[in-house]
Amino acid sequence: MTAKPLSWYPRPPADTGFGLHASASNSFGGLMEHKDANPALVAELKHMGVRWMKLVAGGDNALETSALLLANGIMPIIRFYVAEQWPRPLSECIDLADLVRAYVAVGVRYFQVGNEPNLLLEWQRGWGSSDEDPTEWKKGAQPDRVADAFAIDARIILDNGGIPLTAPLAPGGNYNDIDWFRTYCQVLRNKGHAGLLQEGIAIGAHPGTLNHPLDYPFDKVNQEGEQLTREEYERHSTWAGSLEWVNAERLRGKNSGQHLQSVFPPGHELAGKDSGGSNCWLKWRAYHDVWVEVFGFEVPIISLEGGVWVGEKLGPEPFNDARIYDPRYPAVSKERHKEWILAILHQFSDGQVPEYLFNVMFWLGGGAGWGGQHQPFERDAWWSHYWEGGRLPVVDALLASPALPRKPYQGTDSTPVEPVTRTLTFAEVAALTEKHGFVGEERVIMTALVDAESRRVTTAVGQNLDAAGNVLSEDLGPGQVNGGWVPDLIAAGIIARRADLFDPDMNMAACRYVYLIQGFGAWCALDSERYEKALPAARAAVEAMDAAKMPTPEQLRRFAWEQCIGVPEDASLMKRGRELGLVPLSKEQTRSVDRRSVTGQVFGAGSQMVMLYCLDGQWDKVYRVDL
C-alpha cells in the first residue's frame, strides 16, 4: 500500500487556509447555542475569508451547525469532547461509529481523536500525576497508550467514511510535545500501524506563537542576543522588566544555531531532549519532519487551534496579568495580534506555505461574545466584551480586507525526496572515508565499522532501548550516527535535516564530525566480532584504492626534477631520509602529480638519486623510487 497523496484529502472551495476555533466548550457557546443568529455570523465569517472551523461537539448537537458551515464553503472539523479521556480510546466513551456516520452524512470529513495528551489534566487520575502514575510519565508509556487508542479509533473513523486526526499536542506541555510526538510516531511504526496511517489520516496540531516572532527560532534575538533599543522598548507597553534587564536576558538566553528540532547537548541534564526551539508559529515544520523521518511519507498537517493570542494586561482580575512566555520579547498587544495574524494569512496567499500545511486554526472565535453562556477563555476570544466594540481589531481588519485564497507553494521543500535503500560496496565506503578526511588506518577502521554497524545499508535504522523496551534514541544511515547529534550536525552545516543521514555522502561527513569529537569509541561495534570479520575486506578495499592512485616512475621523475627544486623542505621526510643515511638534494613540499597529491623529498645515495614520497599525507606508508 502507498500513502494517499495530499490531493486526495478534501479542502474547502476557494481555500484561504484561514480557520477559526468556534468555541472552547460543548455547553455549547456561540454557534451551537444560539442557532437563530448563526446565519448572520457565518455570513460574516465567510466574508472575512474563514474556510475552516473547529467545533467541539457533545454528541450530535453540532450537526445543524456543520451543515450550515458546509453550505457556506466552510469546512468543519469535529472534536467529540470527553473530559479526562486518556488513556481510554474515544470509542470507549461514546458511540463513535454512529456519530461519525451521522456527521459524514451531512458532509463532515475530519474528526479530531482526543486532545493534548502531553498535558496531565487530560488524563484520568493516576495516569499522569507525579506520585500516583503507574505508567511512568515521560518515559514512553503515555505515547504508547495514546498510540494504541488512536489505532482503535482511527480504524472506526476510516471504516465509517471519516478522516481521523491525531490528537494535537500542547506547545511545550508537561511532557515536551516534540519528544512526545517522536516517541508516539515510533510506537505507531513499531506496532505495525504504518498501513493504517496510509489509508488517509492527518496530523492534528496546535502551532501557537506564544510571544515569539513569526521567524522564531531563527530571529536575531534568539540566535545572537540582539540588543533592545530604547525606541523599541518604548514602542511596546508590556515587558517583563527594565530595558537593561531585558537586554541581560537576551544575552543570557541566546541560542546560537538553534532550530526547530534542536536538543540539549551532551553533558546537559536533559541531553538529547528537545530544547523548545519549536514553540512558535513554525512548529508544524517540526511535526512534518519528524513524521517523514519515521514513516517516509507525508500526510496533511491540520491546525486545530493556535496562531496568535493577545497577551497584554487587561485590567481587573482575573485577567490582569500579561502573558510573557519568553522575557526576551514583549507580550502580544492587540495591534501586534492583528499584524501577526494578517502576516500569517499572507503567507498562505503568497505561496509561502507548503502544501502539506492545510490551514491555520486561530484560537479563539467566541463564547459569550457570540451569545453563548460559556465564558472561560474570554480573554482569548476575538468576539468578547473585554474588547472595545466587542471584538478585537483583527476582526475589522479582515472585514475590510478579507483573507485571499492560498497560492500553490513557491518553495522547493514541500515534497521530501525519499531516501534510496541500497547496499554500498566496501570500495564505495572506503572512497567515502577518504573523501571526508579519514587517513591511513582510520580509513580501514571506519570502513569496517560501517559494515559492522549497518551491513553498509544506506537507510539502516538502529534503535537504542531502555529496560522496558522504550525507544531512547535511533542510529541512522550506513555509519549509524546517533540522532542526538542531529542539532550539532545541522548547526555545523553538515546536514540540513535528520533524513540527510540516509545519504551516504552526508552520513560519512557526519561520521567524521563525530570521530573528531569522540573518536572511534562512539561506535559500539568497535569491539564486536562483526567488526573483526569486516577488517580484511575493509583493508583490501583501502589498499586497492591506494594501489590505483600510485603514480608511475616516469611521473615521479618528472615531479622530482620539474617541481621539487627550491620548494620548502618537508621535515617528516627529511628526518626519515637522514635515518636511512641519505643526503637531501632538494627542498620541496606537497605537489600534484596528474591529480594525485604527493609529498616527496629527493636524496643523494652515493652516485644514485632517490626520492621518498607518500600519498595524501599518509605518513605510515612511505615509498621509495630510484631516480
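As the structure is a computational prediction, the values presented were derived from the model and not from experiment. What you see below is based on every heavy atom in this structure, not just the backbone, and it leaves out hydrogens, waters and symmetry mates. Position 1 is the first residue of the sequence, and the numbers go up from there.
- Ring geometry, Phe297 versus Trp291: the interplanar angle exceeds 60°, so the pair is classed perpendicular (tilted spans 30 to 60°).
- Side chains of Tyr356 and Pro300 form no contact here, defined as non-hydrogen atoms less than 4.5 Å apart.
- Side-chain atoms of Gln480 do not come within 3.5 Å of backbone N or O of Trp523 as any donor-acceptor pair.
- Geometrically, Arg512 engages Phe438 in a cation-pi contact, judged by NZ or CZ lying under 6.0 Å from the ring centre and within 45° of the ring axis.
- Side-chain contact check for Glu293 versus Cys185: every heavy-atom pair is 4.5 Å or farther apart.
- Residues Val457 and Pro478 fail the side-chain proximity criterion, which asks for heavy atoms closer than 4.5 Å.
- With a 4.5 Å cut-off on side-chain heavy atoms, Asp144 and Asp148 count as touching.
- A distance-only check finds no donor-acceptor pair linking the side chain of His259 to the backbone of Pro217 [under 3.5 Å].
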What's the verdict on salt bridge (Lys or Arg N to Asp or Glu O under 4.0 Å) for Glu335 and Lys338, showing C-alpha distance, side-chain angles and the deciding distance?
CA-CA 5 Å; Glu335 189 61 27; Lys338 178 188 73 174; 2.8 Å; yes
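- Ser278 meets the side-chain hydrogen bond (donor to acceptor under 3.5 Å, both in side chains) test with Lys283; sequence neighbours excluded.
- At a cut-off of 3.5 Å, with distance as the only test, no side-chain donor of Asn118 or Asp177 sits close to an acceptor on the other residue.
- A side chain to side chain contact (heavy atoms under 4.5 Å, CB included) with Leu165 holds for exactly one of Ile201, Ile301, Ile203, Ile302; it is Ile302.
- Between Leu304 and Pro168, the shortest heavy-atom contact is CD1-CG, 3.7 Å.
- With respect to the salt-bridge test (charged N to carboxylate O, under 4.0 angstrom), the residues Arg336 and Glu339 do not qualify.
- Side chain to side chain, Gln347 and Arg406 fail the donor-acceptor criterion of an N or O pair below 3.5 Å.
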For Ile341 and Leu345: C-alpha separation, side-chain torsions, deciding distance, then whether side-chain contact (heavy atoms from CB on, under 4.5 Å) applies.
CA-CA 6 Å; Ile341 287 172; Leu345 294 177; 4.2 Å; yes
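- Arg379 forms no cation-pi arrangement with Tyr386, by the criterion of a distance under 6.0 Å to the ring centre and an angle within 45° of the ring axis.
- Distance check: Asp153 CG to Leu90 CG gives 5.0 Å after rounding to the nearest 0.5 Å.
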Start with the C-alpha gap between Glu474 and Arg189, add the side-chain angles, then the distance that decides, and say whether salt bridge (Lys or Arg N to Asp or Glu O under 4.0 Å) holds.
CA-CA 13 Å; Glu474 291 186 322; Arg189 181 194 63 195; 2.7 Å; yes
After noting the C-alpha distance and the side-chain angles of Asp289 and Arg285, does the key distance pass the salt bridge (Lys or Arg N to Asp or Glu O under 4.0 Å) rule?
CA-CA 6 Å; Asp289 289 347; Arg285 286 188 187 174; over 6 Å; no
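- No more than 12 heavy-atom neighbours from other residues, nucleotides or ligands sit within 6.0 angstrom of NZ on Lys407.
- The closest side-chain heavy-atom distance from Thr209 to Cys280 is not below 4.5 Å.
- Remark: the Ser275 side chain and the Gln258 side chain contain an N/O donor-acceptor pair separated by less than 3.5 Å.
- When side chains are defined from C-beta on, Ile163 counts as touching Tyr9, because their heavy atoms get closer than 4.5 Å.
- Checking Asp475 against Asn482 by side-chain atom types alone, a donor-acceptor pair falls below 3.5 Å.
- No hydrogens or angles considered: a donor-acceptor pair under 3.5 Å links the side chains of Lys54 and Gln112.
- The OG1 atom of Thr458 lies 9.5 Å from the CG atom of Asn507; values are rounded to the nearest 0.5 Å.
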Is there a ring pair (Phe, Tyr, Trp, His ring centres under 6.0 Å) between Phe362 and Trp382 once you walk through the steps?
CA-CA 9 Å; Phe362 292 107; Trp382 288 22; 5.8 Å; yes
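- For the residue pair Asp326/His212, the side-chain donor-acceptor check at 3.5 Å is satisfied.
- For the residue pair Tyr515 / Glu442, a side-chain donor-acceptor distance below 3.5 Å is found, with atom types taken as modelled.
- Taking every heavy atom of both residues into account, Gly172 and Asn279 meet most closely at N-OD1, 3.3 Å.
- With contacts defined as side-chain heavy-atom distances shorter than 4.5 Å, the pair Leu169/Glu116 does not qualify.
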Go through it in stages, so that I can follow the logic: the residues are Cys511 and Val481, the test is side-chain contact (heavy atoms from CB on, under 4.5 Å), and I'd like the CA-CA distance, side-chain angles, deciding distance and then a yes or no.
CA-CA 7 Å; Cys511 288; Val481 177; 3.9 Å; yes
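- If you check the side chains of Trp363 and Asp380, you find a donor sitting under 3.5 Å from an acceptor.
- Counting only heavy atoms from C-beta outward, the side chains of Glu298 and Val292 approach each other to under 4.5 Å.
- Aromatic ring orientation, Trp281 versus Trp284: perpendicular (interplanar angle above 60°, classes split at 30° and 60°).
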What's the verdict on salt bridge (Lys or Arg N to Asp or Glu O under 4.0 Å) for Lys334 and Glu312, showing C-alpha distance, side-chain angles and the deciding distance?
CA-CA 7 Å; Lys334 293 188 291 291; Glu312 68 180 40; 2.5 Å; yes
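- Classification of the Tyr233-Trp239 ring pair by plane angle, with boundaries at 30° and 60°, yields parallel.
- Between Phe18 and Phe348, the distance from one ring center to the other does not fall under 6.0 angstrom.
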Run Arg250 and Leu228 through side-chain contact (heavy atoms from CB on, under 4.5 Å) and show every step you take.
CA-CA 8 Å; Arg250 287 186 170 190; Leu228 177 64; 3.6 Å; yes
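- Inspection of the Gln85 and Asn115 side chains reveals no N or O donor paired with an N or O acceptor under 3.5 Å.
- A side-chain donor-acceptor contact under 3.5 Å links Ser303 to the backbone of Met361.
- Environment of CD in Glu231: sparse, with no more than 12 heavy atoms of neighbouring residues, nucleotides or ligands closer than 6.0 Å.
- If you check the side chains of Asn190 and Gln463, you find a donor sitting under 3.5 Å from an acceptor.
- Using modelled atom types and a 3.5 Å distance limit, the side chains of Arg323 and Asn211 yield no donor-acceptor pair.
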